[in-house]
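Working notes for the structure below.
Not measured: the values here are computed from a predicted model. Numbers restart at 1 for each chain; the letters A, B, ... are given by sequence-line order, proteins then strands.
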There are 2 protein chains.
Amino acid sequence: MSPPTLAKAWTTPAGSHSKSRYAISRPRKDGIHLATIVSKQPTKPPGIKDIASALGISIGTVDRALHGRSDVSANTRARVLKVAEQLGYRPNMVARSLKLNRQFRVGVYLPRQIASFFDPLREGIRAAAAAYIGINVDLDFHSFPRLDEGQLEELESAVGQNYDGLLLTPGDPGRIDSVLRRIARQGTAIICVGNDAPRSGRLAAVSTDSYTSGAIAAEMLARTIQKSAAVATITGELTIMDHAEKLRGFAATLAVLAPHLSLLPVIESHESPKEAYRQASALLSRKPRPAGLYISTANSIPVLQALDEHLLKDVQVITTDLFPELIPLLESGKILATLHQRPFVQGRTAFESLARYLVEGVQPEPVTKLAPHIVLRSNLPLFLSQMIEPEDSGSKDPTPPKR
Amino acid sequence: MSPPTLAKAWTTPAGSHSKSRYAISRPRKDGIHLATIVSKQPTKPPGIKDIASALGISIGTVDRALHGRSDVSANTRARVLKVAEQLGYRPNMVARSLKLNRQFRVGVYLPRQIASFFDPLREGIRAAAAAYIGINVDLDFHSFPRLDEGQLEELESAVGQNYDGLLLTPGDPGRIDSVLRRIARQGTAIICVGNDAPRSGRLAAVSTDSYTSGAIAAEMLARTIQKSAAVATITGELTIMDHAEKLRGFAATLAVLAPHLSLLPVIESHESPKEAYRQASALLSRKPRPAGLYISTANSIPVLQALDEHLLKDVQVITTDLFPELIPLLESGKILATLHQRPFVQGRTAFESLARYLVEGVQPEPVTKLAPHIVLRSNLPLFLSQMIEPEDSGSKDPTPPKR
DNA sequence: GAAGCACTCGTTAACGTACCCGGAAGTGAA
DNA sequence: TTCACTTCCGGGTACGTTAACGAGTGCTTC
């Protein structure tokens, strides 16, 4: 039996700032140090067969030992693990994913409305799927009219599909929780994106921090409106967790940071444009006219229309998300700020979490909260260029590998 | 010669919302439609050998045809490309990167100061390198005291290293441009991060939009200071592009958006803490005391110290970046906002651009500008949790592949 | 007619890993 | 002894791709 060959761990451990790497042979008899620079020719990382040859055993045994499978004696297993550690062995993910050529099917259940949010969300998912090499994903996009219309029915059809993963924005949690639990029990990994459904058995959730969104709105209104006044907020369905959280953050921060501002009764627009318009009109013609307005749902167009008709220049408005109709209003200063929920990034990270879980078994953070972007007049162009950015299809073979 | 077999393209092209995929056999004689659901058993994507067998030729020829290499007749090349298109062939990146087992060495040249910016920047690079599956990268981290001290000398040593890629924050562009050009001429791909050096022959640059940073500061001061007053700004070396751009954005936006605010002469702190403290003290005791202050460099501590000593509560301050000393000042409201430059994300995207260029040959965007995050009191917690997040080493084999 | 050349194309060995199959050695019972 | 069974291990194949190596044409040239 040959003794385990001692070798420098191949990868530099995180945190070490190695300036350059030398392999110095031990002093020769003639006293000449021979320092050969290896950094110009990086040594190949050790593989499973290097471990095998170092111990004089076969790669099959090494494989069994490394993966804790049976049919290996405790002795050899220990020796293999020790040498693997010494050599700094790290499994080659590329070779692994080539060998077990896995296929994953993930279902994506998102509404068509509001397109300014869900379209980039879909694009983020698609982009992440395209960029993730080492996996064959099959994305099944399912669409339905709105968050509160058709999701349940569409999801019912997902039960029989036996997906490996599921990405969705849960609408009314009370009604779809049970469906999701059924799907989860089948072994499907569910990740919520844009809104959470904590009691649905989902694996993780990715969204912007809704509470913080509301808090930002409150702080900005508090900073901008410096006299004593009233402010109002228009929200969507409060059964949707996202909306409720925004309201909480808004009200709480207003109370703490802005004693000079009073909050008018909250308006719940129920995702209906006409209703939103009617209620906004009523709000703006009432007696204590609000000096500030926080619109926490993305379909704010009817509200803005009502605002425009009432010719109110002295009301500070904060909206949610970014869509073409908002651009001139931001540029002209009629809207103070809008809180961008970064749907593209949400979709990307949601898919990445799912993929890492499916392919590497890495348990994702139960809930990741992204910071919303505060879009003002001055940084608006930055988001516009990112908005119209067309997605490259990239179907062609990019580089004929040379060399 | 067998005719090319017609088959449904395997991947759904981007943009098509397919609800589910059925393979429907043609009507049988007895009139019964037999619809077999294939989506539960996704068909394997076609490979190079499927093309070969469809045409009755060898995989070698297909490979040569697909990559536009020589030794293929124009006729067969056309046939191969046609069938590849029909089958929806997409090269298997996993198999490719396994075959040509490429090794890349990239040098990272970043200063130690300011640690609150460059440490997360390094972490972003490391994280991206660890996550990038399909490539063997060897990161060489080189450090030197400050941006204006030691970078040139350190870079000189990189000339002989013959790196595949280089990541760095260029300090004084005038002095290091020539070194970078020498390195670039060797074939090293250079990506600037955090600051650009456009005339250095670099491949691309990743940074926050400095002009917009300045503009945001101006807009926020304009919104918050509503009476007629003077504002001041303290910047770093104006030879560094990043600082100069911030100043431009600040001054320009102030002129457009805030006619009621006048800009005092700009203070250039030259990266020296003592000098910065002295100048800030002088500024704050002068006659037209500024009502707003924009500190566009990250080492703002001496300035803040001067502010604190002068007990100025009525001056609105906007700082740059996020580090522990700023936290209590933001929480107490002494600082209006800080503009976070997202060093981690900068490092990550810089590495990703470099990797995609090296491994896939994808030319990166010449300059990507990230939107700086506006950190207020209300969204501060979101960034803190992200600040203390420890990096996982992840050396162990995560999942012993089962099945 | 042999030799040389250019042009096509097929064959085959890797890349590192996972997993199946079967063999060797040992144990115990018939 | 023979057979069955367990424990441990080596050999081999396949994943999809690239690239080196030849082999087979048809053509020109001495």
Which heavy atom of [X] sits nearest a heavy atom of [Y], and at what distance?
| X | Y | value |
| --- | --- | --- |
| B/Ala128 | B/Arg348 | CB-O, 3.8 Å |
| A/Pro364 | A/Ser353 | CB-CB, 4.1 Å |
| A/Val108 | A/Leu139 | CG2-CD2, 4.3 Å |
| A/Val72 | A/Arg64 | CG2-CB, 3.3 Å |
| B/Ala84 | B/Leu66 | CB-CD2, 4.0 Å |

Touch class at under 4.0 angstrom, heavy-atom based, for B/Asn92 against every strand present: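 Sugar-phosphate, no base atom in range.
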How long is the line joining [atom1] of [X] and [atom2] of [N], in whole Å?
| X | N | atom1 | atom2 | value |
| --- | --- | --- | --- | --- |
| B/Asn136 | C/dG16 | CG | C1' | 11 Å |
| A/Glu360 | C/dA18 | CD | P | 13 Å |
| B/Lys44 | D/dA14 | NZ | P | 13 Å |
| A/His67 | C/dG16 | NE2 | P | 16 Å |
| B/Ile51 | D/dT17 | CD1 | C1' | 12 Å |
| B/Leu98 | C/dT17 | CG | P | 9 Å |
| B/Ile135 | C/dG16 | CD1 | P | 16 Å |
| B/Arg69 | C/dT8 | CZ | C1' | 15 Å |

Trace of the side chain to side chain contact (heavy atoms under 4.5 Å, CB included) decision for B/Arg356 with B/Tyr132: CA-CA 10 Å; B/Arg356 292 192 80 83; B/Tyr132 203 100; 4.1 Å; yes
Under-4.0 Å salt bridge between B/Glu85 and B/Lys82: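 Not counted as a salt bridge, because no side-chain N and carboxylate O are separated by less than 4.0 Å.
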Residue whose closest nucleotide on DNA chain D lies nearer the 5' end, A/Asn101 versus A/Thr76: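 Residue closer to the 5' terminus by nearest nucleotide: A/Thr76.
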List, with names and distances, any nitrogen or oxygen atoms from the protein found under 3.5 Å away from nitrogen or oxygen atoms belonging to nucleotides 11-14 of chain C.
none

Counterpart residues, ring-ring contact (aromatic ring centres under 6.0 Å, His included), relative to A/Tyr109 (two or more places apart):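 A/Tyr109 satisfies ring-ring contact (aromatic ring centres under 6.0 Å, His included) with A/His142 once adjacent residues are dropped.
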Test side chain to side chain contact (heavy atoms under 4.5 Å, CB included) applied to A/Val137 and A/Phe351, step by step: CA-CA 11 Å; A/Val137 281; A/Phe351 180 87; 3.8 Å; yes
Five-pair end axes of the helix from C/dG1-D/dC30 to C/dA30-D/dT1, angle between them (10°):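 Rounded value for the end-axis angle: 80°.
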Whichever of A/Asp71 and B/Ser73 has its nearest DNA chain C nucleotide further upstream toward 5':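 So the residue in question is B/Ser73.
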Nearest-nucleotide comparison on DNA chain C, the residue closer to the 5′ end among B/Arg77 and A/Lys49: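 Residue closer to the 5' terminus by nearest nucleotide: B/Arg77.
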